There are 2 protein chains.
Amino acid sequence: MKMPYRFTSSFPYLLNRVGVRMGELFSRKLAAHDLTLPMYRVMAVLRQEGAQRLSDLSAMVTVEISTLSRLVTAMKRKGLVSRVRPEDNGRTVRIDLTKAGEKLVDDLMPIAAHFEEVGIKTFSHNEVAWLKNALKQIHDNLQDLDRTIP
Amino acid sequence: MKMPYRFTSSFPYLLNRVGVRMGELFSRKLAAHDLTLPMYRVMAVLRQEGAQRLSDLSAMVTVEISTLSRLVTAMKRKGLVSRVRPEDNGRTVRIDLTKAGEKLVDDLMPIAAHFEEVGIKTFSHNEVAWLKNALKQIHDNLQDLDRTIP
DNA sequence: TTGCAAAATTTGCATTTACAATGTTTATGC
DNA sequence: GCATAAACATTGTAAATGCAAATTTTGCAA
């Protein structure tokens, strides 16, 4: 038999709910360092991928590019990142972590990892791997739709 | 062997990414009705659960209560919800869908369901059920932490 | 019953965000 | 080689958000 549609059992609802919760928990820790969650995400991506153009960073962090532009301004003021226009292509901009930013994000990542750990502690290694892969897959499915019907 | 920590393979990252994407897609549809995603979520919860107090609604929709207060004001202005103070407890407030709000959310839910469908189309029924349950479980794990260490 | 704490919501205010418009720099067609 | 388009990034502006403070109503103890 077909189940009736339940909003609170829908994927977007469950997704948003756990995402917001996890974000809140971590944000409290970040506040002690005078940081926001988007700032952390930017630093974490830069740490992993190295210097990025603004638009690429925007895609990786899933934050609107104009928002990111201002965010980077604030982070630069804090001495966390550098922003330079490369000589070979002056319309782009190259964002990178400073030493201080690197140090800070290295301190914070274990805390983020801890919250992740708490969330997934009731799952096996394989289950977590499957789950993460599913999230990746679903994202791709939605991206495909986005390309098909703009 | 232990894998190095990869931010872009972390659960919070994958979660946020797919959540934002799905939200964006649906938001575009909502814009045609002059609605925002939080507004839809409020309506969907009210549709499923019936009238709610503001604080309960806040918990269900995972939106900050002061934000919700203003959101409800805007929705009331649009004629989507009613807001009354019950006689038996004048410090609470009772939010409920109007007929118009009910009609609107009934029209929108299939669209939301469609995007969900697109996202999870590559998974079996059982897999989706497992996935949703996992998200619920993880949320609970985090809630427990929240209660343990405030 | 009166006064005080708790519960629930609202508001003040500063920050963040999104969309559109604008500004630069590079690439392309003729 | 020059005009024009395309690619990237920034800024103007209005709306959304979050925290703290204020407000209103209820519950409780003396």
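Hydrogens, waters and symmetry mates play no part in the numbers below; they use all other heavy atoms, side chains included. Given the structure is predicted, the values throughout are model-derived calculations rather than measurements. Protein chains get the first letters and strands the later ones, always in sequence-line order, with residue 1 at the start of each.
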Inset, instruction - Give a yes/no answer on whether the side chain of B:Arg83 brings an N or O atom under 4.0 Å of OP1 or OP2 in C:dT10. - result: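 Yes, because at least one side-chain N or O of B:Arg83 sits under 4.0 Å from OP1 or OP2 of C:dT10.
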
Legend entry - 5' priority, DNA chain C, between B:Thr73 and B:Arg53 [closest heavy atom]: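 The residue mapped nearer the 5' terminus is B:Arg53.
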
Inset, instruction - Could you say whether A:Gly90 or A:Ser66 is positioned toward the 5' end of DNA chain C, judged by the nucleotide with the nearest heavy atom to each? - result: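 Whichever sits nearer the 5' end wins; that is A:Ser66.
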
Rounded distance in Å - [atom1] ([X]) to [atom2] ([N]):
| X | N | atom1 | atom2 | answer |
| --- | --- | --- | --- | --- |
| B:Leu54 | D:dT25 | CG | P | 16 Å |
| B:Asp88 | C:dA8 | CG | C1' | 14 Å |
| B:Ile95 | C:dT9 | CD1 | P | 8 Å |
| A:Leu71 | D:dA9 | CG | P | 15 Å |
| A:Lys76 | D:dT10 | NZ | P | 11 Å |
| B:Leu30 | D:dA16 | CG | P | 13 Å |
| B:Glu64 | C:dT10 | CD | C1' | 12 Å |
| B:Arg91 | C:dA5 | CZ | P | 16 Å |

Legend entry - Side chain A:Arg85 and base C:dG23 donor-acceptor under 3.5 Å: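 Per atom types, no contact qualifies.
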
Inset, instruction - State whether the distance check finds a donor on one side and an acceptor on the other, under 3.5 Å, for side chain A:Arg70 versus base D:dG12. - result: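 Side chain to base: pair present.
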
Inset, instruction - Look at all strands and tell whether B:Ser55 reaches a base, only sugar-phosphate, or nothing, counting heavy atoms closer than 4.0 Å. - result: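 Answer is sugar-phosphate: B:Ser55 comes under 4.0 Å of backbone atoms only.
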
Legend entry - Nearest heavy-atom neighbours spanning A:Leu37 and A:Ser27: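 Taking every non-hydrogen atom into account, CB-OG, 3.9 Å.
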
Legend entry - Closest approach of A:Leu97 to A:Glu102 (non-hydrogen atoms, all atoms of both residues):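 Answer, listing the atom of A:Leu97 first, then A:Glu102: CD1-CA, 4.0 Å.
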
Legend entry - Residue A:Ile65, side-chain atoms from C-beta onward, closest of D:dC19, D:dA9, C:dA8: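 Looking only at heavy atoms from C-beta outward on A:Ile65, the closest nucleotide is D:dA9.
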
Inset, instruction - Select one nucleotide: of D:dC19, C:dA18, C:dT26, the one nearest the side-chain heavy atoms of A:Thr67. - result: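 The closest nucleotide is C:dA18.
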
Legend entry - Heavy atoms from other residues, nucleotides or ligands near NZ of A:Lys103 exceed 12 (cutoff 6.0 Å):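 Counting neighbours around NZ of A:Lys103, 12 or fewer heavy atoms of other residues, nucleotides or ligands fall under 6.0 Å, so no.
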
Legend entry - B:Arg83, CZ atom: more than 12 neighbouring heavy atoms under 6.0 Å: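 Yes, the 6.0 Å shell around CZ holds more than 12 heavy atoms from other groups.
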
Inset, instruction - For the pair A:Thr98 (side chain) and A:Gly79 (backbone), establish whether a donor and an acceptor sit closer than 3.5 Å, ignoring hydrogens and angles. - result: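 Present.
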
